[in-house]
Amino acid sequence: MKKKLLILCLVLVFILFFIFQIIRLNWWARTENPVLDWDQSWHLMISINKYNDLTNYKHNTSSVEEIYPIFKFANNYYPPFFHIMTLPFYFVFGTGYSSALLTNSFFLLVLAVSSFFIGKKIKDEKTGLLFAFISMTIPIYNKMILQYLIDYAFVAMVALGYMFYLYSDNFNHKTYSMLFGLVFGLGMLTKWSYPVYFGILILFSLGKLDKTKIINLSLASLIVLIIIFSWYFPRLATLPQQLSVYAGNQEGYPLFNTLPSLTYYLKEIINGFSLVYFLLFILCLFYAHKTKNEIYNIFFIYAIFTLLTIKVSRYIMPICIFMTAILVEGLSNLSVKFKQTKFNRYKIDNLIVGFILLAGFFSLSFPEKINSSIDVNKILSSIEDQNYTVCIIAESDELNDVNTPYYAMKNNYPVKYMIGNGCNPLAFDYAIVGPIETSWRSNNFKYSEITLINNLDKFETINIIHNITIYKKKLN
């Protein structure tokens, strides 16, 4: 009776927290003029182009790639699954940032349901509910859900794949093995690094191969190949080079093979997973039995991402799914261990659950909404020509050579060609000049700025909006 009451309370808390996250996401999505950095703008351009393709837009993908070269890069760099899942929200709510951001509500559901069944498979329903609660209150996930990036969806797909992996019983169950293959393929169509999160687990599953396991593994592999073929095969020649370039630039992160580099992700995991959950994870390492392979998997994932020069915290954060699996199993085993002592097990259960709920409550918040002080639409609307070219000389979160093409594309401005990153303003009709913040590309923008300054007599100022200046090249 006490156990059923505890589970009922956890179910209620789970539902309330899920509703809270949906409300929080919808509130954030209604940001009037959001700060759209480079990556979010890339993904918005890709998803809007897919929507336009379905609604008989006048420009097809190839012509859009010619107008906006930065879009051509992004469209061939990022796999399409996340952007495809945005389309239903565009059809219902219209195109735009707020509609796109609601895509994460779908992946919140995927993450919550997957987490419950992972915990249930590891131990029981109570463990499943605890797992789901923790997955919805991990601090870094609460930040990622408020961004239109592939990373939150990727976390959800890792959780879903892990769920089917567990239920496949090391590929001894045919249906779940095939479902794992399906999700693995979709995971690779979400982000290229998906195999990193399952490499060690699959390797451990290869022990004691028999006919059933070989057949199931073959079926899963075939499904993966069928799903990813159409996107990856045409890009085999270009994608590895693009990935190596972006994995090789440092963007100010710790130099490779130094102590700050080796410990970078450790600090990010502690902050992103939360200190409380991390300390519980360390404790539960000694009480986890079914999830021992996950420990090796965590070390493998950490090593792979540490070896890459570029380091961004969100890249490794699906690792928290496997850490949570160890955490909840360890806590469950601890409560059983206390049963053998003078302590009442249900009191210990209540204490553990209460502590986790308290930690989760403190990790949730309504962050301050930050609206951009720069209205990119206002800047673009000040150009009244038709079929014009634009050189973008700005490198900041609020104005850059990705969000400017996004607004131009979304609102169908009559642009013939628009590019930044070292463009020569003398070869363009217009130049949009704004702040240039330090980045691995900033020297390219400074070159454009110097070229403009040295040839100011060939331009006229047509508008100044805040600290943004729009120049028009004079006719000869």
Side-chain angles (χ1 to χ4, degrees), residues 10 12-31 34-37 39-40 43 82 85-86 89 97-98 100-116 118-119 128-160 162 190-191 265 267-281 312-325 327-328 353 355-371 397:
L10 279 171
L12 182 61
V13 169
F14 167 78
I15 293 172
L16 289 174
F17 264 78
F18 183 84
I19 294 171
F20 175 82
Q21 286 284 40
I22 293 292
I23 294 171
R24 182 172 172 267
L25 178 60
N26 277 270
W27 173 80
W28 184 267
R30 290 197 296 272
T31 302
V35 177
L36 294 180
D37 57 16
D39 288 10
Q40 291 194 83
H43 295 300
F82 173 67
M85 296 310 298
T86 301
F89 295 92
Y97 175 73
S98 59
L101 197 57
L102 293 177
T103 309
N104 285 339
S105 63
F106 168 76
F107 288 105
L108 171 64
L109 179 63
V110 172
L111 177 61
V113 172
S114 301
S115 298
F116 169 75
I118 291 168
L129 289 166
L130 206 59
F131 196 122
F133 175 80
I134 292 173
S135 72
M136 288 193 293
T137 58
I138 293 172
I140 189 66
Y141 292 176
N142 288 326
K143 293 179 181 178
M144 288 161 60
I145 197 174
L146 302 179
Q147 297 175 309
Y148 187 68
L149 298 171
I150 57 177
D151 301 281
Y152 189 79
F154 188 60
V155 167
M157 294 306 292
V158 168
L160 186 61
Y162 181 42
T190 306
K191 198 172 184 179
Y265 278 121
K267 291 186 289 186
E268 293 301 311
I269 288 170
I270 292 173
N271 291 330
F273 193 42
S274 88
L275 179 61
V276 173
Y277 289 157
F278 183 79
L279 292 176
L280 286 173
F281 160 74
V312 179
S313 61
R314 66 177 188 269
Y315 291 176
I316 201 174
M317 284 307 159
I319 201 172
C320 296
I321 296 297
F322 304 105
M323 295 172 69
T324 304
L327 191 161
V328 295
V353 169
F355 184 75
I356 293 295
L357 293 181
L358 189 63
F361 273 114
F362 279 105
S363 74
L364 282 175
S365 63
F366 277 96
E368 180 184 357
K369 295 170 72 172
I370 302 175
N371 289 316
D397 284 345

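All residue numbers refer to positions in the sequence shown, counting from 1.
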Using a 4.5 Å cut-off on heavy atoms from C-beta on, say whether the side chain of Glu268 contacts that of Ile316. no
Please walk me through it: do Leu25 and Gln21 pass side-chain contact (heavy atoms from CB on, under 4.5 Å)? CA-CA 6 Å; Leu25 178 60; Gln21 286 284 40; over 6 Å; no
Return each pair, listed once, that meets salt bridge (Lys or Arg N to Asp or Glu O under 4.0 Å) where at least one residue sits in residues 269-280; pairs must be two or more places apart or across chains. none
Heavy-atom donor-acceptor pair, Arg24 side chain to Ile19 backbone, under 3.5 Å: no
CG on Leu102 to CG on Leu108, rounded to 0.5 Å: 11.5 Å
From CA spacing to verdict: side-chain contact (heavy atoms from CB on, under 4.5 Å), Met317, Tyr141: CA-CA 8 Å; Met317 284 307 159; Tyr141 292 176; 4.0 Å; yes
State which residues pass side-chain contact (heavy atoms from CB on, under 4.5 Å) with Ala156; sequence neighbours excluded, sorted by chain then number. Phe107, Val110, Leu111
Sorted by chain and number, sequence neighbours left out, ring-ring contact (aromatic ring centres under 6.0 Å, His included) with Phe154 holds for Tyr194, Tyr197
Ala132 to Ala112 - nearest heavy-atom pair and separation: CB-O, 3.6 Å
Output all residues satisfying side-chain contact (heavy atoms from CB on, under 4.5 Å) with Ile270, sequence neighbours left out; order by chain, then residue number. Leu266, Leu275, Phe278
Can you check whether Phe18 reaches Ile15 side chain to side chain, under 4.5 Å on heavy atoms? no
Could you measure the distance from the CD1 atom of Ile321 to the CE atom of Met323? Nearest 0.5 Å is fine. 11.0 Å
What's the spacing between Leu101 CG and Trp28 CH2 if we round to 0.5 Å? 9.0 Å
With rounding to the nearest 0.5 Å, note down the distance linking OG in Ser105 to CD1 in Ile23. 13.0 Å
Quick one: which residue pairs count as a salt bridge (Lys or Arg N to Asp or Glu O under 4.0 Å) with a foot in residues 134-160, not counting sequence neighbours? Asp151-Lys191, Asp151-Arg314
Exactly one candidate in Leu146, Thr86, Leu109, Ile145 meets side-chain contact (heavy atoms from CB on, under 4.5 Å) with Asn104; the answer is Ile145
In Å, rounded to the nearest 0.5 Å, how long is the span from CD of Gln147 to CG of Leu36? 11.0 Å
Walk me through it: do Tyr97 and Gln40 pass the test side-chain contact (heavy atoms from CB on, under 4.5 Å)? CA-CA 9 Å; Tyr97 175 73; Gln40 291 194 83; 3.4 Å; yes
What do the steps show when you test Phe133 against Thr324 for side-chain contact (heavy atoms from CB on, under 4.5 Å), and what is the final call? CA-CA 10 Å; Phe133 175 80; Thr324 304; over 6 Å; no
Set of ring-ring contact (aromatic ring centres under 6.0 Å, His included) partners for Tyr162, sequence neighbours left out: Phe322
Kindly write out the residues that satisfy side chain to side chain donor-acceptor pair (under 3.5 Å) with Thr190, not counting sequence neighbours, or none if the list is empty. none
Please list, chain by chain and in numerical order, all residues satisfying ring-ring contact (aromatic ring centres under 6.0 Å, His included) with Phe273, sequence neighbours excluded. Tyr277
Who passes ring-ring contact (aromatic ring centres under 6.0 Å, His included) against Phe82, sequence neighbours left out? Tyr148
Calculate, to the nearest 0.5 Å, the distance between atoms CD1 and CD1 belonging to Ile269 and Ile138 respectively. 11.5 Å
What heavy-atom pair brings Ile118 and Phe131 nearest, and what distance separates the two atoms? CG2-CE1, 3.6 Å
Residues passing the side-chain contact (heavy atoms from CB on, under 4.5 Å) test with Asp397, sequence neighbours excluded, are Val35, Asp37, Trp38
